[in-house]
K.L.:
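I am attaching a structure below and will ask some questions about it afterwards.
Quick caveat, the model's predicted, so the values are computed rather than measured. Throughout, a chain's letter reflects where its sequence line sits, starting with A, and its residues are numbered from 1.
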Amino acid sequence: MKRSSHRGNSQPRWLFPFVVTVIFFLSVLPLGRLAATGIASALQGGARNLLSDPGVWQAVYDTLSTSFLGMVAAVVLGGGFALLLTLFDIRGKAMLGFLFMLPTMIPPQVTALSWIGMTGPSSTLLKALGLAPPLGAPQPLYSIGGIALLYGVQNAALVYLSLRAGLLALPRDAVEAARLAGASSWQVLKDIILPLSLPGLVAGAAIAFVSCVGNFGIPAILGIPASIYTLPTLIYSKFAAFGPGTFADVSLLSAMIAILSIVGLTVEERVLRGRDYRVIGLSGQVAVFRLGGWRWLAEIVLWSMIFIILVMPLTALVASSLAPAYGVPLGPSTATIRAYEEILFRQAVTRTAFTNSITLSLATAFGLLVVTVLTGYFLVRGKSRLAPVISALAEIPYALPGIVLAVAFILLFAAPVPVIGLSIYGTIWIILIAYFSSFFAVSLKPVVSAFRQFDPSLEEAARLSGAGFGRRLADILVPLVAPAAGASVILVFLIACNELTVSALLWSAGTQTLGVAIYNLDDSGSFNLASALSVLVVVMVVAMMLLLELLAKRLPKGVVPWQS
Amino acid sequence: ADLVLYTSQPNEDAQATVDAFKAANPGLDVQWVRDGTPQIMAKLNAEIQAGNPVADVLLIADTVTLERMKQAGQLLAYKSPEAANLDAALYDADGYYYSTKLITTGIMYNTQAAMKPTSWADLAKPEAKGLVTMPSPLASGAALIHAQTLAGVQGLGWDYYKQLKANGAVASGGNGGVLKAVASGEKAYGVVVDYMPLREKAKGAPVEFVFPKEGVSAVTEPAAILASTKHADAAKKFIDYLLSENGQKVAAKLGYIPARKGIDLPPGYPARDQIKVLPVNASEALKNSEKDVKTFADIFGIKG
Amino acid sequence: MAKLILNRLSKSFETGGRPAVDDVSLTVREGGFLALLGPSGCGKTTVLRMIAGFEQPTDGSILLGERVLADADDMVPPEHRNMAMVFQSYALWPHMSVAENVGYPLKVRGVSGDKRQRKVKEALAAVRLEDYAGRRPADLSGGQRQRVALARCLVTEPDVVLLDEPLANLDRHLRQEMEETFREFHARSGATMIYVTHDQAEAMALATDVAVMSEGRLLQVGTPEEIYARPQGRLVGGLVGQGAILSLPLPAGDMRVLDWPAVQALLASRETSRPAADILVRPQDVELTPEGVAAAVLSVLFEGERYVLRLALPDGQALRAFSRRPVKVGDTVSVVIHSAWRL
Amino acid sequence: MAKLILNRLSKSFETGGRPAVDDVSLTVREGGFLALLGPSGCGKTTVLRMIAGFEQPTDGSILLGERVLADADDMVPPEHRNMAMVFQSYALWPHMSVAENVGYPLKVRGVSGDKRQRKVKEALAAVRLEDYAGRRPADLSGGQRQRVALARCLVTEPDVVLLDEPLANLDRHLRQEMEETFREFHARSGATMIYVTHDQAEAMALATDVAVMSEGRLLQVGTPEEIYARPQGRLVGGLVGQGAILSLPLPAGDMRVLDWPAVQALLASRETSRPAADILVRPQDVELTPEGVAAAVLSVLFEGERYVLRLALPDGQALRAFSRRPVKVGDTVSVVIHSAWRL
Ligand SMILES: Nc1ncnc2c1ncn2[C@@H]1O[C@H](COP(=O)(O)OP(=O)(O)OP(=O)(O)O)[C@@H](O)[C@H]1O
Ligand SMILES: Nc1ncnc2c1ncn2[C@@H]1O[C@H](COP(=O)(O)OP(=O)(O)OP(=O)(O)O)[C@@H](O)[C@H]1O
Ligand SMILES: [Mg+2]
Ligand SMILES: [Mg+2]
């Protein structure tokens, strides 16, 4: 390997050791530690014969089916938005794109609850229409389909951002050539646009799939009432009844999740293999199709989607933050802003949580960007035989439920780090490292797919100009993968801001995150406080996105995902 | 910190408890971590695995978990002088854990519901078909104890649960979910711990809570000291304080039934002697817990 | 098929001040072969892109026969125009093999199976790329990519063929073959062809009509012979042929073709009162013979077939000439201008 | 600076059977100007890419003076070679403006402020793009993009300049200007230049040495005059100049330049026993005069300056000739071959 760095290979000598070190610390070490404990506890505690339990296999099946359907839903929703907003002459693109990002910000359990509320007997909407089902009517969302649907809503932004970055790299003349060849819009889409932006689409789909595999909030609320268990909810119930065999069981279940996500990754590799996506020559302009008479219809569909996936849950959230107690009908006489007063002025935890979450999310998003640009470059340019292994290792932590990853990090860091003797347990650093590990895949995917579409001669020209690796990175590579880099930063930020299950186990006094604060409030029955805090989080994110909007002119083209 | 507390009490309650303790013992720096029982146990066990448990005192919902830890040698025995004021059933004879309050499980219903239940048996009636929800023993310690308790009652037993299942009852999640489901009208009846609907009702939610006439099950939110503690003295003080008159008044003020005799019940509860608490044996319960969970899960078709 | 009419066509981009195409009116007769000549950046590609339907004119209209293809408000989408184009940037699809690239227009038209394979094979054979059918465009050389683009353009039976510098990256042999291919294709299909090139010899050799543009405006349209022999104005004169333009006193009468005696008279005259005229002198009309006027050799370039000389007349004006023998820079030679053209 | 040595250089790609570059040995003397000629796909770009350091040779080595730049095991990375290149595909950075593109090599070298601005301005002026400094490459025409690439290449003081068909998309006027720019740059900087082109006239006019490649192999290296006047072998003969190659009986003796009597004798001889030789006849050596041999006119192409005729000798062999006057296809003309070259 050392030789290859001399070999006119464009990567510097330190890149390979760097990538290996990163992967070692963010993935191999925690996973290995978890496996070690699992094996040890299986040996002494006499692991129950987990694998012979048909319930486990049912859970594997349900995990696969919900995740697959959820991925399909996310691809349809996110892919549809990305295509329509990037390639067609839709009006109000910026607004639509902006709003489409927001549902990722609403915690999955909130989304789930608001959907249940919307479709249930107390739905104000349905009541107004006279369609409200009778008290106790079966809830259609308590099903595989319901789980998948909400997975789709939750993860659509992942697909949207990833595909959008791919579409922006599309050379305009390739589309024009196809149209002139006589291809209808549909054929152009099928034969040219989708194949060429396939890396972005597949990356988005894969990350959505992996995200569904590891999701806990949605199946916990929608699955358990219908006796549908996915591997993460199963793991949670193992933790609830903590026994001697728990670590062994959890390791085994985690290994199954890891296998599922590797299966997903292998499918992705298969799809992308043996093809060429390197854009030849210049891209820098995106083709725009005219929708003509269809434009109205498309706009109506887009706005109704926004209404369903954003406005309705958000309204439910705001409503419950204004209600004095759960189930009290909301009206001008009952509405109260007491919850906001409480959150803003009395709860000390609010400020801590905001500070922590914003710091953690920003640090993770930008810190990971540095790591993933280097890793992505290595994976695409390196032609290393280790590349598939490294991609798989990067992927697994994100697929594991947060609680498992957190346990792995506690196992690693509860005792002071050997040699240095430093203890990071209980500090914010352990959460940061765990975030790096968990969101590595989210950050990596869009960047890797952008590198796949990169015309190598652009980098060559920079090398010949005398630019060393660092220089090229800053001046050429990063600006050219800017849409993907922007997607990566924004996705990680949004997800980390909301994150609950990793930090739930890792926080301690003073290091609460927003997710933890909201969960704790909610879990202890202060639903209106939890809702109020969630609303404030959404408001904060909107404010930050607006700030980004102001900066947009100074940023490379395409970074801000709702700008075209 | 001088003392680290791991608890599954609600946030505000944990804060109030710790604040009151600190007021009584100025100069002691107490840190507390609050999370659901599964999370707290996962965290604690991972720490024990890594050889460095951080917690000194544990204050969690059910005795069963503590009984298991006692048997694993993870707890420290301490004979608290305050124990004399507690019913003998409410603490471990060897001093490994002490109950701090009683949290009973009864029935809540939405005020729109047609039938007003008064007994457990009412939930199996046709009027309640498809309208009952309850927490799952897989997610809630209290729910497990509740199931084990009812299973041992003459005339109810596991058959009662089979009737409930046949009547379309669902079991899922924790008590919070039940509360929401009933308060929002998604379900009409719920099996739930007492303080939640009582608090919500006080805030104006359209719910009622009843103590069924057969009696209620109770968890006792016990506290225990970890064997690995480096702050045994402070921990002992904490246990003493929880059981002391002042400590118990705090619990009552928060809306719980205090464990200590002679303290008034919080408003909204009937008199103490009107609440019939059904008995349960912790070590028996522990021995059977896996079997019982499985029985319950089989009846309700829950996997795992 | 019908004639292609550009009617006062204009196009301005958001960036950049002067319009890229400015009030161009032009008719290409049915089955015509028009070469579009002009300096870099004059708007040739933009005209083609408007004809193909990729850019909307900001003013004017494009008609194919009676059918309005585009005006400032409305346009027929490219996929309904039945045209084919070789893009200056080739616009190959990197995810398809060479054969798939070439076969795509057929696929879209529903041609399938054997027939498609046969046609693709023929097209690849015509551009000498039979052996490369399975390659990806990224693994081809520049000229090979251009040839794939060519094959893709000629594989169907389009009504209008747009060629944007289609031979720029090919060597002379291939160019000649490809020119032959165009000629055959044109004769066989009867398609209207518009050919953008910077190579005048190519333009003259292929086209039935030549249009010369500069800075977005159309300067002159005519047959190759006419454009070459009778260029209108300084710009066209400078663009077509390698001629030098001399500024000499306006010759008497309205004679435009000047022979040696006439030129000699003008060169000799010292009348500064007469207004100056632009006189185009092409190098092949300049002969190095002892009985001419003296000129200093400024530079000598070997071009294989001959040497190209840059000469300075006594009054400093530059002239270009060919010579079969090398001449030394700085020498003085004597030249005769057999023919010149008043612009 | 020092001489650039290619030593038995070879390169095979994973795809495709025959090596793209096959055992090429070549020395470009210090400050030399080498033109690389050859048909499309013969390996020219690959040679440049190896010199620049983008491709590793599969065999052989590249030396700059004493320093080994690359062999099959090791190579100096491009950023340490101080070379500059115009890419066949331009490789402009779409996210930078024209001025930023051009200024980037300076920026990397730490040139900043006024000095950089001035140099960028000069470079842009040299390619006539002063007014386009603020544009994005995507908003330029093809030729303008090529000129940006040129300006970027010439803005620094590289040791070696690699030009891959740098003028392919420019019109004749600009080409002449740019050729002049190259010549000046070469004289001023003393850089070693390697120039890939398909245009022989350009190659001959610019270079001090010409190398001809075909199918990955080097066929001949020499001064332009030598390559033109004394091509070695059928391949070079066919590539350089527009000559036709006749197959005639081997002339007696080892004479290589044949005059009309000699050619006439060969044409007339019917001896099939003598082995055949390849005789190169260039069109400018074919004169249409009544006293020659008869030839049928196969095709006539107008090229502006003159007509290019394809003729068939009585035995069917093809010949090319120029004519200032149009000739009708199918006519029989009589030609004299003033000079020919035995390959
Ligand atoms: N990346 C690659 N993989 C495989 N084969 C390649 C690759 N690049 C070039 N080739 C092949 O190598 C041969 C030489 O290519 P090269 O680009 O050097 O040709 P060239 O002389 O520059 O041609 P042109 O004048 O058409 O640009 C060609 O046959 C080409 O198909
Ligand atoms: N997308 C664009 N935005 C702004 N200006 C443009 C755009 N495309 C082209 N131009 C400008 O319009 C003018 C005409 O461009 P066009 O591409 O038609 O030139 P061209 O005649 O094809 O030149 P070349 O021979 O160099 O290819 C140029 O000055 C160019 O800079
Ligand atoms: Mg152009
Ligand atoms: Mg090339």
Side-chain angles (χ1 to χ4, degrees), chain A residues 37 41 53 55-56 58-59 113 116-117 120-122 135-139 220-221 224-227 229 234 236-244 246-247 324-329 334 349 403 406-407 410-416 425-426 504-505 507-509 520-527, chain B residues 1 9-13 31-39 41-43 45-47 49-54 65 68 110 112-113 130-131 133 136 138-140 170 172-174 176-177 179-180 182-188 196 199-200 203-207 289-290 293 300-304:
Chain A
T37 307
S41 119
D53 182 353
V56 170
Q58 183 64 38
L113 287 174
I116 292 172
S122 58
L135 206 62
Q139 182 31 271
I221 291 177
I224 294 174
S227 300
Y229 275 78
L234 201 59
Y236 260 75
S237 61
K238 295 286 174 210
F239 275 119
F242 212 101
T246 300
F247 274 130
Y326 211 83
V328 178
T334 51
V349 73
I403 193 169
V407 163
I410 295 176
L411 289 172
L412 269 183
F413 289 114
Y425 188 58
L505 292 203
W507 72 280
S508 64
N520 277 338
L521 289 170
D522 191 60
D523 195 50
S524 47
S526 312
F527 311 117
Chain B
Q9 279 183 303
N11 248 18
E12 299 162 44
D13 303 357
Q31 270 188 11
W32 54 275
V33 170
R34 185 269 145 215
D35 225 323
T37 306
Q39 284 95 331
M41 291 314 293
K43 185 177 167 86
N45 276 285
E47 289 174 5
Q49 272 289 325
N52 187 25
V54 174
T65 308
R68 180 185 296 125
N110 192 301
Q112 291 177 47
L131 296 179
T133 177
S136 158
L138 290 155
S140 154
V170 296
S172 77
L179 175 67
K180 283 184 196 168
V182 177
S184 65
E186 186 196 329
K187 296 284 173 184
M196 281 190 178
R199 276 190 202 174
E200 288 301 300
K203 284 192 250 170
V207 294
S289 66
E290 259 184 48
V293 167
F300 282 89
I302 301 169
K303 283 113 199 170

K.L.:
Can you measure from CH2 (A:W507) to CZ (B:R34) and round to the nearest 0.5 angstrom?
P.N.:
8.0 Å

K.L.:
Tell me, side chain or backbone of B:V54 under 4.5 Å from chain A's heavy atoms, or both, or neither?
P.N.:
side chain

K.L.:
For B:Q31, is it the side chain, the backbone, both or neither that has a heavy atom under 4.5 Å from a heavy atom of chain A?
P.N.:
side chain

K.L.:
Of the non-hydrogen atoms in A:I410 and B:A50, which two are nearest, and what is the gap between them?
P.N.:
O-CB, 3.9 Å

K.L.:
Using heavy-atom distances under 4.5 Å, tell me whether A:F413 contacts chain B through its side chain, its backbone, both, or neither.
P.N.:
neither

